[in-house]
Amino acid sequence: MVEKKIAVRSQDANQRRVLDRATRQRRLTRQLDALEKDNFQDDPHASLPQLAKRLPQFDESNESGKKRKKTRGDHFKQRFRKNFQALLEEENLSVSEGPNYLTACAEPSKLPQRHFCAVCGFPSNYTCVSCGARYCCVRCLGTHHETRCLKWTV
Amino acid sequence: MTTLVLDNGAYTAKIGYSHEKVSVIPNCQFRSKTSRLKTFTASQLDEIKDPSGLFYILPFQKGYLVNWDVQRKVWDHLFGKEMFKVDFSDTSIVITEPYFNFTSIQESMNEILFEEYQFQAALRINAGSLSAHRYFQENSSELCCIVVDSGFSFTHIVPYCRGKKMKDGICRINVGGKLLTNHLKEIISYRQLHVMDETYVINQVKEDVCYVSQDFYKDMEIAQLKGEENTVMRDYVLPDFSAIKKGFCKPREEMNFTGKYKTGEQILRLTNERFAVPEMIFHPSDIGIQEMGIPEALVNSVNNLPEEMQPHFFKNIVLTGGNTLFPGFRDRVYKEVRSLTPTDFDVSVVQPHNPICYSWEGGKLLSENPDFDEMVVTREDYEENGHYICEEKFDI
Ligand SMILES: Nc1ncnc2c1ncn2[C@@H]1O[C@H](COP(=O)(O)OP(=O)(O)O)[C@@H](O)[C@H]1O
Ligand SMILES: [Mg+2]
Ligand SMILES: [Zn+2]
Ligand SMILES: [Zn+2]
């Protein structure tokens with residue numbers, strides 16, 4: 001939200017704001033998180049307020065009519081609803097010995113970082129002073145300023 | 001007693017009885033904007049005539065099973081009368097799970113398999129171990145192999161020696177097919193057409209037009225050329241799900257290099273996207289994921305193993321998982337691993353005929369193995385000893 005305000009007043013290219021490291025890192029993290037998303041649109045059922053609430057119950061009732069044993073208490077239900085992050089924390093891997101989920105992650109590459117234009121995807125030689133994005137030519141820099149750069153909130 | 005083999009992937013379930021063929025079924029539920037009252041499960045995807053804007057409900061998050069409500073619905077469907085009609089009183093199951101699976105997921109799995117469905121026996125195992133088993137059966141003189149499994153959620157590189165996985169060598173790259181599709185969606189949406197809601201369609205585009213480059217910067221140059229010289233460029237005709245049921249590439253001779261098409265078709269023009277997207281498995285740092293790509297990680301993993309074993313791994317590299325189907329994948333892995341290893345080592349990279357079902361085939365073979373009965377946990381075992389016996393028996 002802060003970003004939006006500033007983008008409006010920094011139309012003049014000479015006084016463009018320069019994003020600090022932390023902000024650039026946050027942006028990258030947000031971009032990478034977005035690549036993990038299952039969907040970008042809303043659940044089609046969510047726009048049916050009444051039905052959306054009732055539907056799961058219909059589903060439930062015709063599925064669980066079967067011989068599903070009622071061995072599961074509330075605690076059991078709880079365990080079936082944890083997300084990845086919660087499960088990972090529960091494993092307490094930072095204090096565990098031997099190879100595990102965290103240690104198995106590939107190390108950073110020893111090869112040099114490669115750079116591509118944030119607009120067209122071709123190899124790039126220049127870096128946007130304001131946000132650190134890469135660009136390959138004046139035209140792409142223009143597009144970048146108009147569409148993303150300081151305006152972008154993902 | 002029959003055995004059901006289920007490679008329970010985050011994208012598709014590879015499932016079939018050990019004496020029958022394998023089926024590949026979406027391991028998720030769907031909602032469609034055209035049938036707003038229904039949730040479609042697994043193979044019911046076929047009932048959706050217009051999958052534009054298809055909404056996915058996935059049981060997995062980052063490759064780990066977290067949404068059991070959805071997983072149960074899918075399994076009820078797979079095991080039930082619509083599909084495999086499992087007679088639980090006479091069936092064992094071989095089921096896969098990811099490397100370093102979390103304890104609570106493993107326990108939930110035991111409970112659901114034994115207490116809820118009441119399978120007579122179960123074997124929980126990593127898909128890669130089944131692949132290694134398949135490989136050793138066919139190449140019985142080999143002592144070691146290194147399995148690359150590049151699926152929906154991530155890519156694993158796992159060394160196996162005499163059938164046992166070497167845990168210290170396991171390496172995970174957090175790039176899988178889901179990330180590739182989402183990235184392709186992102187760059188197409190920014191550069192030409194808003195397709196952020198079209199996961200289904202763009203995933204198909206990815207599978208139809210992307211390839212692994214053998215000479216990345218050369219392809220970048222070609223992809224910038226104008227007109228006919230640009231041999232990388234493709235025009236992809238998007239499906240409208242009425243006249244055009246499935247997207248396709250315009251044949252080269254029908255391509256219009258200069259202007260727009262007169263026909264009403266909706267076209268995506270793809271150039272560097274075709275190879276820059278799969279490139280992320282080879283250079284995750286291109287999009288800011290600071291991890292080694294497949295060849296570098298593979299060589300790094302082998303170099304950390306005992307020296308006398310190393311040559312055996314380099315000559316038994318096995319590629320599995322859906323992403324390895326990109327044209328050029330095998331050749332690129334070979335080329336880079338070759339260039340990173342001492343010249344007196346042999347390098348051999350094997351791409352099985354069906355890299356998606358290779359581990360299922362391994363599961364089928366395993367269930368026919370004389371030792372199989374020793375490997376499973378029976379329901380009696382479980383009822384007597386609980387989770388402990390599973391932990392003891394399974395190499396997981
Ligand atoms: N022909 C293909 N070319 C490229 N990618 C493919 C192809 N076929 C499947 N895939 C991708 O492979 C991934 C699924 O691979 P798979 O090994 O079945 O994963 P999982 O075991 O995690 O379910 C998906 O992201 C899918 O888009
Ligand atoms: Mg898999
Ligand atoms: Zn550019
Ligand atoms: Zn910028």
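Note: hydrogens, waters and symmetry copies are ignored here, and every other heavy atom, side chains too, is used. Just so you know, these numbers come straight off a predicted model, no measurement behind them.
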Residue part contacting chain A, namely of [X], when any heavy atom lies under 4.5 Å:
X: B:Y200; answer: neither
X: B:T271; answer: side chain
X: B:Q224; answer: both
X: B:T199; answer: side chain
X: B:Y99; answer: neither
X: B:L54; answer: backbone

| task | Quick one: which of A:A86, A:G98, A:A118, A:C120 has the most heavy-atom pairs under 4.5 Å with chain B, could you say? | result | A:C120
Max heavy-atom pair count under 4.5 Å with chain A, selected residue of [options]:
options: B:G169, B:C171, B:P284; value: B:C171
options: B:K167, B:E296, B:Q290; value: B:E296
options: B:H183, B:E221, B:R191; value: B:R191

For the [atom1] atom on [X], are there more than 12 heavy atoms of other groups (residues, nucleotides or ligands in this structure) within a distance under 6.0 Å?
X: B:K81; atom1: NZ; result: no
X: A:E97; atom1: CD; result: no
X: A:R24; atom1: CZ; result: yes

Donor-acceptor pair, side chain of [X] and main chain of [Y], under 3.5 angstrom:
X: B:R172; Y: A:Y101; answer: yes
X: B:D286; Y: A:H115; answer: no
X: A:E36; Y: B:L179; answer: no
X: B:D168; Y: A:P99; answer: no

[X] [atom1] to [Y] [atom2] distance, which is reported to the nearest 0.5 Å:
X: A:L93; Y: B:F100; atom1: CG; atom2: CZ; result: 9.5 Å
X: B:I287; Y: A:L32; atom1: CD1; atom2: CG; result: 6.0 Å
X: A:D38; Y: B:C28; atom1: CG; atom2: SG; result: 9.5 Å
X: B:Y64; Y: A:L88; atom1: OH; atom2: CG; result: 9.0 Å
X: A:C105; Y: B:I170; atom1: SG; atom2: CD1; result: 13.5 Å

Is any side-chain heavy atom of [Y] closer than 4.5 Å to one of [X]?
X: B:V66; Y: A:L87; value: yes
X: B:M292; Y: A:K110; value: yes
X: A:L35; Y: B:N182; value: yes
X: A:H45; Y: B:L37; value: no
X: A:T143; Y: B:Y190; value: yes

| query | With a 3.5 Å cut-off and no angle check, do the side chains of A:S109 and B:E291 form a donor-acceptor pair? | reply |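 Not at all, the side chains of A:S109 and B:E291 share no donor-acceptor pair under 3.5 Å.
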| Engaged part of A:D43 at the chain B interface, taking heavy atoms whose separation is under 4.5 Å | both
| said: Between A:F84 and chain B, with a heavy-atom cut-off of 4.5 Å, which part of the residue counts as in contact: side chain, backbone, both or neither? | reply: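 A:F84 touches chain B through backbone and side-chain heavy atoms alike.
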| Taking 4.0 angstrom as the limit, do B:E186 and A:R148 come out as a salt bridge? |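 So B:E186 pairs with A:R148 through a salt bridge.
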| said: Under a 4.0 Å threshold between the charged nitrogen and the carboxylate oxygen, would A:R114 count as salt-bridged to B:E279? | reply: yes
| query | How about B:Y56 and A:F40: are their ring centres within less than 6.0 Å of each other? | reply | no
| Residue of the set A:E91, A:K82, A:E90 for which side-chain contact (heavy atoms from CB on, under 4.5 Å) holds with B:F102 | A:E91
